[in-house]
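A quick note: this is a predicted structure, and the numbers were derived from the prediction, not measured. Counting starts at 1 for both ligands and their atoms, in listed order. Quick note: numbers below take in every heavy atom, side chains included, and nothing from hydrogens, waters or symmetry partners.
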Amino acid sequence: MDKLKIPVKLNCLFAPLQTDTAFVIGQLGQSLDGRIATETGHSKYISGKDGLLHLHRLRSLCDAVVVGVGTVIADDPQLNLRLCGGKNPVRIIIDPKGRVPLNAQALRDDGTKCIVVTTAYSKIRFDNHIERIDFSVENGSICPHKMIETLANKGFGKLLIEGGAYTISQFLSAGALDRLHITVSPLIIGSGKLGINLAPVNFLNEALRPETDFYKVGKDIIFDCAFKQG
Ligand SMILES: NC(=O)c1ccc[n+]([C@@H]2O[C@H](COP(=O)([O-])OP(=O)(O)OC[C@H]3O[C@@H](n4cnc5c(N)ncnc54)[C@H](OP(=O)(O)O)[C@@H]3O)[C@@H](O)[C@H]2O)c1
């Protein structure tokens with residue numbers, strides 16, 4: 001735990017993640033008006049330095065970090081630990097059609113395992129250090145529960161779903177997230193990509209109402225949302 005240097009005031013935030021049990025957590029860094037990127041896809045960095053440190057601590061506590069191919073194309077993220085100690089998580093890219101650029105940083109051969117979750121539709125050929133797992137598409141998407149089960153069977157039971165909007169929304173609408181950390185930063189973008197898009201509901205009693213706590217880190221506020229599964 002020392003390598004994470006978690007302040008006492010954040011112990012409760014991280015306690016549910018310091019477990020031997022598998023979990024799936026999503027994280028979004030958003031503006032006051034709920035945006036995770038500008039219209040042009042620019043998102044570095046919405047979160048302040050404490051919010052970014054939080055993201056790296058989450059990476060450190062998970063076996064694998066999952067992003068959609070849209071994030072790889074927009075941000076070319078490294079998905080490793082640079083702001084805290086620990087072991088780099090396995091990098092997983094969801095790319096059903098084979099759109100990922102082969103020179104993406106997330107695909108680099110640096111000793112950290114890399115997996116591409118895809119479908120038979122993708123004709124892309126990867127270097128040997130990249131594992132490819134093919135899934136079928138059901139109702140237009142790969143089932144998050146099937147991904148979680150397959151990855152858990154490979155030893156990656158603690159998953160951080162790091163974005164973007166489509167990927168997190170797919171996991172959330174499938175009821176596949178145990179927790180969601182929404183880090184809200186004090187800026188108003190006024191346009192751009194919203195973090196969460198679910199099917200419309202008619203009445204507020206149909207809205208998701210997770211058990212939620214909040215923590216101030218620097219100028220950011222982390223909302224820790226816990227979803228009841230089953
Ligand atoms: N602020 C933050 O916390 C944060 C974090 C991450 C990213 N971002 C921003 O978010 C934006 C990207 O978000 P995005 O919503 O456009 O893209 P995304 O979620 O990164 O990727 C979406 C794509 O991934 C594939 N995909 C993901 N889940 C799938 C599933 N269950 N089944 C089938 N395919 C799946 C699909 O690829 P195909 O279209 O090829 O079928 C889908 O279009 C970027 O601007 C990035 O900067 C912000």
Side chain, backbone, both or neither: which applies to [X] and ligand 1 if a contact is any heavy-atom pair less than 4.0 Å apart?
X      : answer
Asp75  : side chain
Lys44  : neither
Ser141 : both

So which atom in [X] and which in [Y] form the shortest heavy-atom distance, rounded to 0.1 Å?
X      : Y      : result
Ile161 : Ile168 : O-CD1, 3.3 Å
Gly195 : Ser169 : O-OG, 3.8 Å
Arg59  : Asn80  : NH1-O, 2.7 Å
Ile73  : Pro101 : CG1-CD, 4.0 Å

Out of all atoms in ligand 1, which are within 4.0 Å of some heavy atom of [X]? Include the element for each.
X      : result
Gly29  : 1 (N), 2 (C), 3 (O)
Gly41  : 45 (O), 47 (O)
Leu28  : 3 (O)
Val69  : 21 (O), 23 (C), 24 (O), 37 (O), 40 (O)
Glu162 : 5 (C), 6 (C)
Tyr166 : 15 (O), 19 (O), 22 (C), 26 (N), 27 (C), 28 (N), 29 (C), 35 (C), 42 (C)
Gly68  : 18 (P), 20 (O), 21 (O), 24 (O)

Can an N or O of [X] be found at a distance shorter than 3.5 Å from an N or O of ligand 1?
X      : answer
Ser43  : yes
Ala37  : no
Met147 : no
Ala74  : no
Lys97  : yes
Gly70  : yes
Ile36  : yes
Asp95  : no
Val67  : no
Gln30  : no

Exercise. Centres of the Phe14 and His181 rings: under 6.0 Å?
Worked result: no

For residues [X] and [Y], determine if any side-chain heavy atom of one lies less than 4.5 Å from a side-chain heavy atom of the other.
X     : Y      : result
Val67 : Val72  : yes
Leu53 : Val217 : no
Arg91 : Gln78  : no
Leu61 : Ile25  : no

Can you pull out the closest protein heavy atom to [atom]? Residue, atom name and distance to 0.1 Å, please.
atom                    : value
atom 11 (C) of ligand 1 : Lys193 CD, 3.7 Å
atom 27 (C) of ligand 1 : Thr167 OG1, 3.2 Å
atom 39 (O) of ligand 1 : Arg99 NH2, 3.1 Å
atom 7 (C) of ligand 1  : Thr71 OG1, 3.1 Å
atom 31 (N) of ligand 1 : Ile142 O, 3.0 Å

Ionic contact status for [Y] with [X], cut-off 4.0 Å:
X      : Y      : value
Asp75  : Lys44  : no
Lys193 : Glu39  : no
Asp63  : Lys154 : no

Exercise. Between the main-chain N or O of Asp220 and the side-chain N or O of Ser185, is there a donor-acceptor pair closer than 3.5 Å?
Worked result: no

For this session: Only one of Lys158, Gln27, Arg179, Glu162 passes side chain to side chain contact (heavy atoms under 4.5 Å, CB included) with Leu58; say which it is.
Result: Gln27

Exercise. Between Arg132 and Asp134, does a salt bridge (Lys or Arg N to Asp or Glu O under 4.0 Å) hold up when you go through it step by step?
Worked result: CA-CA 7 Å; Arg132 169 183 174 140; Asp134 280 30; 2.7 Å; yes

Exercise. Among the heavy atoms of Pro96, does any lie under 4.0 Å from an atom of ligand 1?
Worked result: yes

